[in-house]
Amino acid sequence: MTVDGTSGRVPETELVARLLAKDESAFLELVNRHHSGLLRVASSILRSSASAEEIVQETWQAFLEGLPSFEQRSSIKTFLYRILTNRARTRAFRDQRTSTMSELESDDDESPLVDRFGTAGNWLAPPTAWGAETADGLLARRQAMDALQSALEKLPERQRAVVQLRDVEGLSSEEVCELLELTEVHQRVLLHRARTKLRVVLEEYFRG
Amino acid sequence: MADAPLSCREITELATAYLERKMPRDQQLAFVRHMRACPICFTYLRQLRVASRALARAPAPKPAPATRDALLAHFRNWDPQRKKG
């Protein structure tokens, strides 16, 4: 399983070189691309938006400090998220909040599909076509995408962090398990619950 | 029995394991067999994939101008030559 950490744009070595040469547009590009995601994951660990903002600021500072010795064995994205999750956990511990993600609770909710099946496990209320059957089609539907993004924000903390890192950022399950200190099975359960809910949100949107 | 037919409900429960390729071989065969025969579950799985791919490609919300300016100011003061610590 390979992940394209560069999002298919500028090769990362080139981006790092531009940053080291203090190219402001390279830095802004990186900030625009990652700031909101970093914030999303920070707030899922910290549950306080003020602390999350601070941790993300610190993450960018630590990123720059570490950049001259960054050996690019991981992607920039993974490097950033590693700094972030380490700092957020330290901060959470200091603030006497739940110390790790695995201990956070609040999301063993029941499946949103619970009423959709008959006793034999057959569909009673089957999914129907959306009229946006590809990613391009869905991306072109601004309001559907807004509904999807706001549903993502409302997911329970751990589910939100996992979807952000897996689906939005495209990190591998191994990387996400390491960053969030989750077992592989647990990570998959969280991803599953999150994706199941997000699909239902789109379904409701398209049903009108 | 691992390769017993799967119900539609089971397909939805196993969808992520299937997409992640974390499924015993027998179960995977049963999963694929069900998908070939059931257009509803086929649609279901496609919708899961479409949502996930759209999230990957959606533009990230930009940071607030004040945040961006603060970070940029930090970048301007940053000295890449300075040793860490």
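In what follows, every heavy atom counts, from backbone to side chain, and hydrogens, waters and symmetry copies are set aside. A note on names: the letters A, B, ... follow the listed sequences, proteins ahead of strands, and every chain is numbered from 1.
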From Cys8(B) atom SG to Leu113(A) atom CG, the distance as rounded to the nearest 0.5 Å: 11.5 Å
message: Please classify the contact between Leu67(A) and chain B as side chain, backbone, both or neither, with a heavy-atom cut-off of under 4.5 Å.
response: side chain
message: What's the separation between atom CZ in Arg116(A) and atom OH in Tyr44(B), rounded to the nearest 0.5 Å?
response: 8.5 Å
- line: Output for pair (Arg49(B) CZ, Arg199(A) CZ), nearest 0.5 Å, gives 14.0 Å
- request: Working to the nearest 0.5 Å, report the span between CZ of Phe63(A) and CG of Leu71(B).
  value: 11.5 Å
query: Is a side-chain N or O of Gln47(B) found less than 3.5 angstrom from the main chain of Thr128(A), in a donor-acceptor match?
result: yes
message: Is Trp60(A) in contact with chain B via its backbone, its side chain, both, or neither, using a 4.5 Å heavy-atom distance?
response: side chain
message: If I measure from the heavy atoms of chain B, does Ala132(A) come under 4.5 Å with its side chain, its backbone, both, or neither?
response: backbone
- prompt: For the atom pair CZ (Arg188(A)) and OG1 (Thr16(B)), what is the distance rounded to the nearest 0.5 Å?
  reply: 8.5 Å
message: Do the side chains of Glu133(A) and Arg46(B) get close enough for a salt bridge, i.e. N-O under 4.0 angstrom?
response: yes
field: Parallel, tilted or perpendicular: rings of Phe27(A) and Phe75(B) (30°, 60°)
entry: parallel
- request: Please state whether the side chain, the backbone, both or neither of Asn77(B) comes within less than 4.5 Å of a heavy atom of chain A.
  value: backbone
message: Would you say CD of Glu153(A) has more than 12 non-hydrogen atoms from neighbouring residues, nucleotides or ligands within 6.0 angstrom?
response: yes
query: By a 4.5 Å heavy-atom criterion (distance strictly below it), what part of His35(A) contacts chain B: side chain, backbone, both, or neither?
result: side chain
Leu39(A) portion near chain B, given a 4.5 angstrom heavy-atom threshold: neither
message: Test your reading of the model: is there a side-chain donor-acceptor pair from Lys22(A) to the backbone of Trp78(B), 3.5 Å cut-off?
response: yes
Part of Val163(A) lying under 4.5 Å from any heavy atom of chain B: side chain
task: Drop me the distance from Leu55(B)'s CG to Leu198(A)'s CG, to the nearest 0.5 angstrom.
output: 6.5 Å
- prompt: Could Arg53(B) and Asp167(A) be called an ion pair, given the rule that one side-chain N must be under 4.0 Å from one carboxylate O?
  reply: no
- line: Okay, Leu64(A) and chain B: the region with an atom under 4.5 Å from a heavy atom over there is both
